[in-house]
Amino acid sequence: MNALYVICGLGFLALIAEIASVKKGLTIAIMAGILAAATLVLIDWNSAIHYYNEMLVFDNFAIAYTALILTIAVLWFWMSGDYFSGQSHQTDRSALILFALAGAIIMTAFNNMAMLFLGIEILSISLYVLAGSNKESLLSNEASFKYFLMGSFATGFLLMGIALVYGATGSFDLTSIASHISNNAAALPGFFYGGVIMMLVGMTFKLSAVPFHFWAPDVYEGSPVAITAFMSTVVKIAAIAAFYRVFSFCFYQIQGTWIIILQGMTILTLVVPNVTAVYQGNVKRMLAYSSVGHVGYILLAFIANSPTSQGTIFYYLTSYSITSIAAFCVLHEVEKSKTSSGFDGLYKRNPLLAVVMSVALLSLAGIPPLAGFFGKYMVFTQALNNGYSGTVIIAVITSLIGVYYYFRVIIVMFVKKGEETPIQVSGSSVILMILLLVLILLMGVFPDSLISLLK
Amino acid sequence: MIPIDYYIWLSAILFSIGVLGVLYRRNAIIVVMCVELMLNAVNVLMVAFSNYLNDPAGQVFVFFIMAVAAAEVAVGLAILMIMFRNNRTTDINVLNRLKW
Amino acid sequence: MTLNAFYFLSFLTVLSALLVVFSKNPVYSALYLVITLASLTGHYILLNSQFLAFVNLIVYAGAIMVLFLFVIMFLNLNTDTEPHKSTILKFTATICAGLLLIVLIASLKGAEQMAKQSGPNRDMGSVKNLGKVLFTDFLLPFEIASVLLLVAMIGSVMLGKPDEPLIKKPK
Amino acid sequence: MVARLKNGKELALAASVVELIVSLLAISQFSNTADPQFVVNIPWINSLGIRFSVAIDGISMLLVLLTTVLVPFIILSSFNSSDKRPSSFYGLILIMQMALVGVFTARDGFLFYLFWEMALIPIYFICLIWGEEGSGKITLKFFLYTLAGSLFMLVALVYLYLQTPGLHTFNIDGLYLAGRSLPANEQSIIFWGMFLAFAIKMPVFPFHTWQPDTYTIAPVQGTMLLSAIMLKMGIYGVIRWLIPVVPAGVQEWGNVAIILSVIGIVYASCIAIVQNDFKRLIAYSSIAHVGLISAGLLTLSKIGMQGAMIQMLSHGIVVFALFYIIEIISGRTKTRSLSQLGGIRNAAPVLSSVFIVVMLGSVALPLTSGFVGEFLLINSLVQYQIAIGSVAATTIILGAVYMLRTFQKAMSGETNSITSAFKDLTGQEKLVLFPIVILIIAIGVYPAPLLDISEAAVDNILVIVSDFSASVK
Amino acid sequence: MISLIPLLPLLGFLIISLNYTRLSKNVSSIIACSSVLVSFILAVFLFIQLTSFPADQRSINVSVFNWITTGDLSVSFSFLIDPLSSVMLLIITGVGFLIHVYSIGYMHDDAGFNKFFSYLNLFVFFMLMLVMGSNYLVMFVGWVGVGLCSYLLIGFWFKNGDYNNAANKAFIMNRIGDLGLLVAMILIFMSCGSLDYNEVFAKVSELDSSTITTITILLFVGAMGKSAQIPLYTWLPDAMAGPTPVSALIHAATMVTAGVYMVARNNLLYALSPAALDLILIIGLATALFAATIALTQNDIKKVLAYSTVSQLGLMFVALGLGAFSSGIFHMATHAFFKALLFLCAGSVIHALQGEQDIRKMGGLKKYLPITYATFLIGVLAISGIPPFAGFFSKDEILADAFAHNTLVWGIALLASLLTVFYMFRLLFLTFFGNERASRDTMHHIHESPKSMAVPLMVLALLSLVGGFMNVPATLFGSGRLTEFLAPVFSQSKELLTEHPLSHSTEYSLMGTVIALTVVVIGVAYSMYVKKNEVPVADGARLGTLQNLSYHKYYVDEIYNTLIVKPLYWISGKFDAVVERVAIDGLVNVTGTTVLDWSKILRLLQNGSIGFYIFMMVIGIVLMLSITFIH
């Protein structure tokens with residue numbers, strides 16, 4: 001909760017900075033503030049405090065996800081410093097990002113449908129704007145509008161679901177809903193299940209699970225790289241946290257009604273984006289598809305007995321996010337260099353970028369001993385343990401397909417001849433990339449600490 | 001007293017009309033309006049339930065929905081303006097530079 | 001009596017909603033939407049939620065619709081600028097929405113066996129009552145909603161305001 | 001046993017020599033019993049039942065020895081390579097060595113898998129970055145193909161892991177027990193899951209098509225690593241992680257695997273006969289040799305297993321030398337096409353003599369290293385089934401056919417414009433090749449010490465299998 | 001001491017090959033010759049030692065080290081000296097030494113002089129391993145090793161493509177034989193649990209006859225390859241590509257007789273398998289006759305001798321097939337003398353004519369090369385079986401055995417040996433008699449061979465003259481010393497095989513018949529090639545059908561080429577081009593391209609149109625709701 005205050009406060013501060021014209025060092029101040037918020041949230045570990053009439057519950061789940069979101073946010077700010085500095089609307093952008101973070105934190109900690117709804121909307125509305133923040137770019141514009149239109153369409157379904165669930169259970173409070181379900185398991189009206197499915201639609205839209213993923217590749221491609229990175233990391237974490245809260249904490253008892261749908265969606269989410277990504281020439285768009293594909297693995301862990309998969313999902317998200325940040329960091333640097341050949345022969349132009357990108361891609365592909373491997377490994381174990389052998393085989397095949405498209409980028413970087421002009425990378429980016437590299441390796445070599453955290 | 005399922009049907013019909021509109025029209029503004037229709041379908045259902053359950057929380061929720069709707073419309077129309085500025089049209093199908 | 005009113009209002013709502021969708025002229029669509037909203041206000045009154053009814057009228061029909069109309073006027077949209085959709089698309093759209101409706105109706109059953117919670121409470125929809133709930137139970141969402149509106153404001157301004165020059169041109 | 005150094009070739013050479021010395025020290029302290037020795041067993045990922053558990057028994061010892069002996073030579077062999085190799089190249093080789101040693105010593109299923117994959121990464125990059133034109137597509141195919149196999153192995157391992165009682169464990173003994181307690185049909189599924197990985201790595205017909213292309217385009221050090229050491233991972237996997245884990249599966253399907261391997265012998269030999277690319281030819285010959293090893297191994301006889309062990313060493317050494325000779329020849333003539341070569345024997349008698357010895361090792365002439373293994377393997381196969389054994393034994397004819405053809409085309413005859421200015425071996429090349437030649441003959445003449453090392457460990461595995469069959473009956 | 005016998009040539013090989021650029025020709029020839037000579041002396045000592053033992057104890061077993069030990073397989077590197085191997089040792093080292101000495105002169109001007117001697121030494125080493133090994137595996141070492149040396153020496157002049165082909169052919173055909181031997185060995189190990197001769201022979205009587213037959217036939221396949229029997233004989237004539245001393249040593253005196261040795265070594269097994277013996281007999285007869293008919297029309301001096309060798313080897317196998325193992329060994333020994341002599345003489349002729357090998361371009365060399373002529377004549381007489389030359393005794397023994405067994409066998413064997421007489425005299429007459437057909441230039445340079453060549457010729461001639469006396473049969477008032485000496489080796493099989501003793505009178509009449517016929521044939525040859533001065537027609541001229549067949553070696557090479565070699569290449573090519581690239585790799589690639597194709601299709605879903613996206617979403621929602629509804 002304190003973290004939420006700090007983040008919102010930072011948001012206002014950023015707005016005031018506009019008026020006070022204190023733009024220099026704003027990003028660093030924000031990073032420091034986020035770090036402080038992260039510390040504040042971690043202090044409450046194991047306390048599970050309920051705030052404001054059960055509106056928010058900062059249990060360990062929420063704390064872990066909030067801390068993760070904040071950590072990734074710090075890394076993100078570090079990476080995308082030049083998305084702010086020297087750009088127009090610097091403070092507006094910072095404030096929007098911060099409020100989006102606030103929305104994300106709400107999404108991890110809500111205990112009331114109202115908070116869920118507001119959290120999602122704060123996050124979404126900020127992102128609609130941020131996706132279009134590159135106003136001259138037609139693509140950014142298009143991405144923004146697509147995201148907005150489809151997002152609000154999906155919101156309609158989410159709301160419809162909330163309304164129906166409310167009608168059936170008489171409450172917006174997750175705890176009461178859950179207890180109502182367990183008390184009246186037999187007497188729930190039919191429309192309640194309809195409501196649950198509609199909520200499923202609304203939430204899986206945010207997750208970008210197939211068939212509600214169509215926005216994702218387009219929006220990711222069109223948005224500025226920094227925002228794409230933000231969407232595929234922070235937003236994804238928040239969406240999954242919210243999804244987990246609703247469907248594992250609240251609707252777990254009626255799993256029978258939605259699990260089969262989710263299984264179907266899982267398989268589709270594994271297959272469709274991974275297969276589609278194979279034919280992509282654009283690294284950013286490829287990463288977008290891959291990001292959608294990774295949701296499939298998380299969903300696989302989720303459908304395989306969600307209460308025990310907390311640790312798995314958290315680890316997967318952590319490794320995925322850190323790796324993605326690394327990948328986007330390189331992408332950002334490459335796009336900044338404004339050379340036509342993109343990733344071609346990157347190894348010759350800047351070995352560090354190529355190595356970091358390779359490690360990131362290897363991790364995303366799930367090659368040991370990197371972070372991504374353990375994520376996938378635990379997902380597979382989880383699923384196998386719960387009898388999802390067939391789905392695991394599909395997941396194995398899709399991750400092979402994944403290797404194919406990730407490695408095409410690697411090949412291009414190392415083998416293809418491109419421009420020879422070296423790419424200059426600023427010192428802070430170098431430090432960041434090395435830090436991320438170390439993190440990816442460390443998480444791969446010593447995964448135990450993170451796994452046991454949420455066991 | 002009007003049975004609750006009437007309201008559910010009404011809401012369902014209204015919601016479907018909203019969806020129909022989103023699918024049917026290509027004019028972005030109308031599409032946004034149709035989304036508003038969907039939200040209103042939810043509103044009416046929410047109020048009905050609230051009344052039926054004798055619980056004011058439902059009605060309070062409707063306030064939030066309205067607030068969000070207003071915010072969405074504001075932002076959406078702003079985006080739409082930029083889009084019109086860039087494309088000179090509000091046809092949503094013109095927006096397909098991002099694909100494949 | 002109330003049932004008749006309900007039928008009438010429902011008829012009006014659905015008809016005007018359909019007209020929103022099918023009107024060629026965006027201005028008409030917007031106006032039909034106003035009618036829809038107005039009839040929904042009627043529903044709210046029927047449902048004994050007077051405050052909400054007025055808020056609905058003011059916020060939706062008043063504020064939001066004006067915004068829509070303003071944009072439509074501003075962009076000078078009319079029947080001529082209206083993009084055309086092919087018949088097949090229209091047909092499939094109708095089929096799709098119809099299917100959705102059927103499925104919705106089919107799955108939203110079970111309300112008839114729900115017991116009414118207790119007699120209508122005259123005060124339930126009153127300003128006082130709602131205010132109490134809003135400022136006690138739903139205080140945090142209320143505050144958060146302000147953040148939401150702030151976000152929308154910043155966003156709209158940011159999108160609407162022209163970019164300041166990135167680097168000041170040297171003289 | 002683990003080294004990661006990244007500073008230039010001399011340092012890399014030094015590191016690998018140090019490893020060689022360490023492994024020689026290890027072998028001097030090694031007692032020829034079945035027990036795993038030099039055990040390191042520390043907890044690693046507790047929550048998943050994974051321990052960092054490595055140890056060396058006779059089987060591992062031989063392969064560790066092979067790795068540590070060959071890597072210095074491989075590094076040395078690159079020293080006068082025409083294009084300079086940066087230090088990252090050597091770094092990758094050393095990482096590869098670490099992973100290989102890890103594979104051969106791991107006593108934890110997960111650790112095994114981890115090292116298994118880790119070995120793949122450096123070799124992939126070695127082949128990709130320093131490979132010939134068009135390496136991208138081919139190495140990707142290689143990577144995907146082998147990864148596909150190993151992912152199925154991972155699934156099989158995890159499945160076994162989930163069968164272990166209580167808090168699951170990846171410990172080798174736990175997995176052995178878990179595997180053996182499975183019903184026969186499940187064992188068969190596990191068998192295929194794991195055998196696929198091993199078969200692709202070895203590679204066994206018909207899973208071999210990645211191999212000739214990859215060998216051909218890879219830089220020669222990559223080819224050496226791949227063929228001389230890495231394919232032993234597959235064979236080792238069969239010995240350590242297949243036969244004792246799912247004995248029923250092996251009994252059920254071993255026959256099919258043997259037949260595939262034997263088909264591979266004849267098939268690959270035939271293809272080798274018509275190859276014109278020197279490297280590709282040796283690649284196919286490698287498939288043939290490995291087919292014999294895997295077939296002999298799966299007869300589950302002691303002779304077969306011991307033959308496989310000794311043949312692994314021999315094949316590693318011989319194939320290393322062959323590829324090095326190819327590298328020397330193609331480095332000087334800029335071609336690997338046999339039809340363009342010829343008459344090298346006139347100009348380079350030392351090279352051709354060395355080639356003769358290596359060739360003899362390859363065609364398994366008695367008193368060369370190849371013979372001992374091949375004799376034992378064919379022996380086990382004939383005992384298994386005379387028909388299969390006889391078909392497998394045609395390798396001694398077909399091997400002679402393609403190797404002699406190669407020798408004739410490359411070495412004999414009149415010199416031509418390409419080979420007339422051929423220089424004989426330099427001192428550094430001799431430094432690599434002479435020890436190898438001595439090894440080839442030494443192992444052929446006196447293989448007993450090597451056979452003794454693995455004897456007890458092989459027994460151990462066979463006892464597990466026979467106990468299992470006894471318990472079933 | 002016993003280990004020294006093979007070790008010395010090996011040392012010789014190592015010293016020469018490791019220093020082959022440094023050693024002068026003299027030094028290396030001295031090292032090579034002396035190593036073999038010392039071996040020979042040692043062998044003689046050994047022989048004397050052996051004869052001093054009582055007959056049933058003439059066997060020395062020496063184990064050097066444990067070679068391969070794993071499981072129940074235990075093979076040591078060990079040597080067995082018994083009468084059989086002792087005789088072989090003497091032949092190998094003795095004839096080997098002579099040929100070494102001869103080579104000093106013959107190869108004197110060759111650039112690969114040192115290499116040649118190192119190979120020769122290596123060959124002697126392997127040949128000694130072959131005959132001395134006390135188990136099958138050590139024999140196999142020698143067996144394959146001599147094949148290798150044969151390969152190296154046939155392809156000695158490696159610049160010539162044909163020579164290389166010949167070398168490859170020899171090696172590969174030998175490999176086919178090796179395969180048989182290898183499988184036989186494994187079967188022996190399977191059924192007897194050991195590879196040691198003594199242990200195997202002790203157990204062999206317990207085995208069922210079908211196993212023994214399989215084993216023996218497979219062993220014989222090995223012998224076919226090594227000893228150039230039908231159908232694996234075609235490499236031997238081609239092997240004449242090697243230097244002539246090689247032909248003498250390897251392809252006449254020693255290596256090719258390894259098959260004979262091996263069958264004799266396994267006499268017990270063969271005695272237990274009449275079927276295998278019959279097979280050997282048939283193959284031997286067929287080879288003897290077949291090769292002899294080919295030799296009739298050949299014009300290359302070495303080719304004639306080569307076919308003659310094949311034919312004589314066939315004759316040896318006839319003896320073995322008849323169960324007359326000692327006769328076979330006896331003929332092998334005498335054949336080693338006279339065939340080595342003939343080859344060396346031929347080498348001398350070739351040397352004198354600067355490499356000319358075609359007998360159509362020789363003639364009248366009698367007066368230019370008197371020593372060569374004389375020794376050659378002795379050789380021819382020996383091979384023709386003119387008493388008292390060596391060949392007479394050995395051949396006669398075989399013919400007698402054949403007659404005792406079956407008249408038809410005798411008839412064919414006799415025919416073959418008469419043909420031998422004819423072509424050998426044809427060779428003699430065409431080379432040394434008649435007109436001088438060589439070019440003037442060649443004749444100008446003609447010279448008798450140097451001493452180093454002449455002395456071995458004379459020694460061998462002497463041996464061919466008197467060699468037969470080591471085993472003069474009782475019929476001719478001898479004591480059959482060789483047979484007696486070898487008896488312990490064959491004692492067990494002797495008991496198993498029934499003998500058909502011939503009366504002395506029958507034997508006398510047989511001898512008489514043979515000698516008479518031989519003289520007639522010589523007369524025919526003399527009239528044709530000396531009186532009428534016939535010279536074989538030039539290549540390409542029309543020949544009679546039979547002549548044509550014989551001249552073209554019955555087209556066997558061509559038949560093999562069409563039936564085996566070409567199909568092998570064809571199928572290999574198809575494997576490579578079709579099965580590998582199209583089928584297997586194609587399948588692999590198709591899995592890849594299928595994903596790509598699907599990717600192309602699936603990305604069309606992402607068509608950029610919001611309307612379409614929402615359509616898909618709605619369809620998804622409808623599906624989801626209906627699934628729940630159905631639930």
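Bear in mind that the values here come from a model prediction, so they are computed numbers and not experimental data.
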Side chains of [X] and [Y] in contact at under 4.5 Å (non-hydrogen atoms):
| X | Y | value |
| --- | --- | --- |
| C:V21 | C:L18 | no |
| C:F22 | B:L20 | yes |
| B:F49 | B:I8 | yes |
| C:F11 | C:L15 | yes |
| B:F84 | C:V71 | no |
| B:L10 | C:F6 | yes |

Side chain, backbone, both or neither: which part of [X] has an atom under 4.5 Å from a heavy atom of chain C?
| X | result |
| --- | --- |
| B:I29 | both |
| B:Y24 | both |
| B:Y6 | both |
| B:N43 | both |
| B:I79 | both |
| B:L14 | side chain |
| B:V31 | neither |
| B:I17 | both |

Please find the pair of heavy atoms, one from [X] and one from [Y], that lie closest to each other, and give the distance.
| X | Y | result |
| --- | --- | --- |
| B:Q59 | C:S49 | NE2-OG, 3.0 Å |
| C:L75 | B:M81 | CD2-SD, 3.9 Å |
| C:A97 | B:S16 | CB-O, 3.9 Å |
| C:S23 | B:R25 | O-NH1, 2.6 Å |
| B:V75 | C:L159 | O-CD1, 4.4 Å |
| B:S11 | B:A41 | OG-O, 3.0 Å |

Query raised in the report: chain B contacts: which residues in residues 32-42 of chain C have a non-hydrogen atom closer than 4.5 Å to it?
Result: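 Expected list: C:L33, C:T36, C:L37, C:L40.
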
Is it the backbone or the side chain of [X] that comes under 4.5 Å from a heavy atom of chain B, or both, or neither?
| X | answer |
| --- | --- |
| C:M153 | neither |
| C:Y60 | side chain |
| C:Y7 | side chain |

Query raised in the report: How would you list all residue pairs meeting ring-ring contact (aromatic ring centres under 6.0 Å, His included) that involve residues 55-74 of chain B, not counting sequence neighbours?
Result: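 Checked against ring-ring contact (aromatic ring centres under 6.0 Å, His included) - neighbours excluded - the pairs reaching residues 55-74 of chain B are A:F117-B:F61, A:F172-B:F61, B:F63-C:F51.
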
Query - side-chain contact (heavy atoms from CB on, under 4.5 Å) assessment of C:L47 paired with B:Y7 - result: CA-CA 10 Å; C:L47 282 165; B:Y7 279 103; 3.5 Å; yes

Heavy-atom pairs under 4.5 Å with chain C are the metric here; pick the option from [options] that has the most.
| options | result |
| --- | --- |
| B:T89, B:V32, B:I92 | B:V32 |
| B:I82, B:N40, B:L80 | B:N40 |
| B:V62, B:V68, B:V44 | B:V44 |
| B:V19, B:V22, B:V73 | B:V73 |

Please list every donor-acceptor pair under 3.5 Å in which a side-chain atom of residues 142-151 of chain C meets a protein atom from a residue at least two apart or in another chain.
{"unit_1": "C:S146", "atom_1": "OG", "unit_2": "C:E143", "atom_2": "O", "d": "2.3"}

With respect to chain B, which residue among [options] yields the maximal number of heavy-atom pairs within a distance under 4.5 Å?
| options | answer |
| --- | --- |
| C:G131, C:G155, C:P26, C:G98 | C:P26 |
| C:V157, C:V59, C:L104 | C:L104 |
| C:V14, C:L134, C:L130 | C:L130 |
| C:T92, C:D137, C:N56, C:L46 | C:N56 |
| C:Y44, C:F74, C:F70 | C:Y44 |
| C:C96, C:A30, C:A63, C:P141 | C:P141 |

Report task. Enumerate the residue pairs fulfilling side chain to side chain donor-acceptor pair (under 3.5 Å) with a member in residues 66-88 of chain B, sequence neighbours excluded, ordered by first and then second residue. Result ->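 Sorted result for residues 66-88 of chain B: A:N141-B:N86, B:N87-B:R97.
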
